[in-house]
Amino acid sequence: MYGDQIDQIIDKYGTEKGILIQLLLDIQHEFKWIPKEAIKKISERLKIPYSQIFRVASFYAALSLKPIGRHLIQVCLGTACHVRGGAKILDAVENELKIKAGNTTPDTKFTLSGVNCLGCCAQGPMMVIDDDYYGGVTVTAVKKNLEKYE
Ligand code: FES
């Protein structure tokens, strides 16, 4: 499915083993995740064991082994947001999108993630959609916030 594009990205770098992370970052940038097909192709062309590439791709937070939706929603579950109802906000988003945190909607529009702190604890409960920060989120505001990305 992604074969030709993956080959083109590998061609840009040649088959030097030292370029693995940069190669994976480029694939992440292109597809928004690291498909298994890419790991297989890199393994064959660079002669690096599949398991080694998989370990590297699992280790770096910037690399994802699952498809990411067009919009990334992060709901804060850190202590300051938790005491202000962060878990209820996450429940509301899960109910609205009909997915659990850590997953992507079947239409790949949204990926939902629960995170530990978004760095603006005084404004909790916090949620971030792409680069937009929403503070003091209420259960009723969740739907309105999501509608902006429909
Ligand atoms: S705990 Fe939620 S932003 Fe810090």
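Every value quoted in this text rests on a predicted model; they were computed, and no experiment measured them. One-based numbering, in listed order, for ligands and for the atoms of each.
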(message) Hydrogens and angles aside, do Asp130 and Tyr149 bring a side-chain donor and acceptor to less than 3.5 Å of each other?
(response) no
(request) Name the orientation class of the two ring planes belonging to Phe110 and His71 (parallel below 30°, tilted from 30 to 60°, perpendicular beyond 60°). (result) tilted
(message) Taking the side chain as everything from C-beta on, heavy atoms only, tell me whether Asn103 gets closer than 4.5 Å to Lys66.
(response) yes
(request) Answer yes or no: is there an ion pair linking Lys40 with Glu44, defined by an N-O contact shorter than 4.0 Å? (result) yes
(request) Count the heavy atoms of every other residue, nucleotide or ligand shown that sit under 6.0 Å from NZ of Lys36, and state whether that count exceeds 12. (result) no
(message) Under 4.0 Å between a side-chain nitrogen and a carboxylate oxygen: does that hold for Asp4 and Lys41?
(response) no
(request) Provide the tally of protein N/O/S atoms nearer than 2.8 Å to atom 4 (Fe) of ligand 1. (result) 2
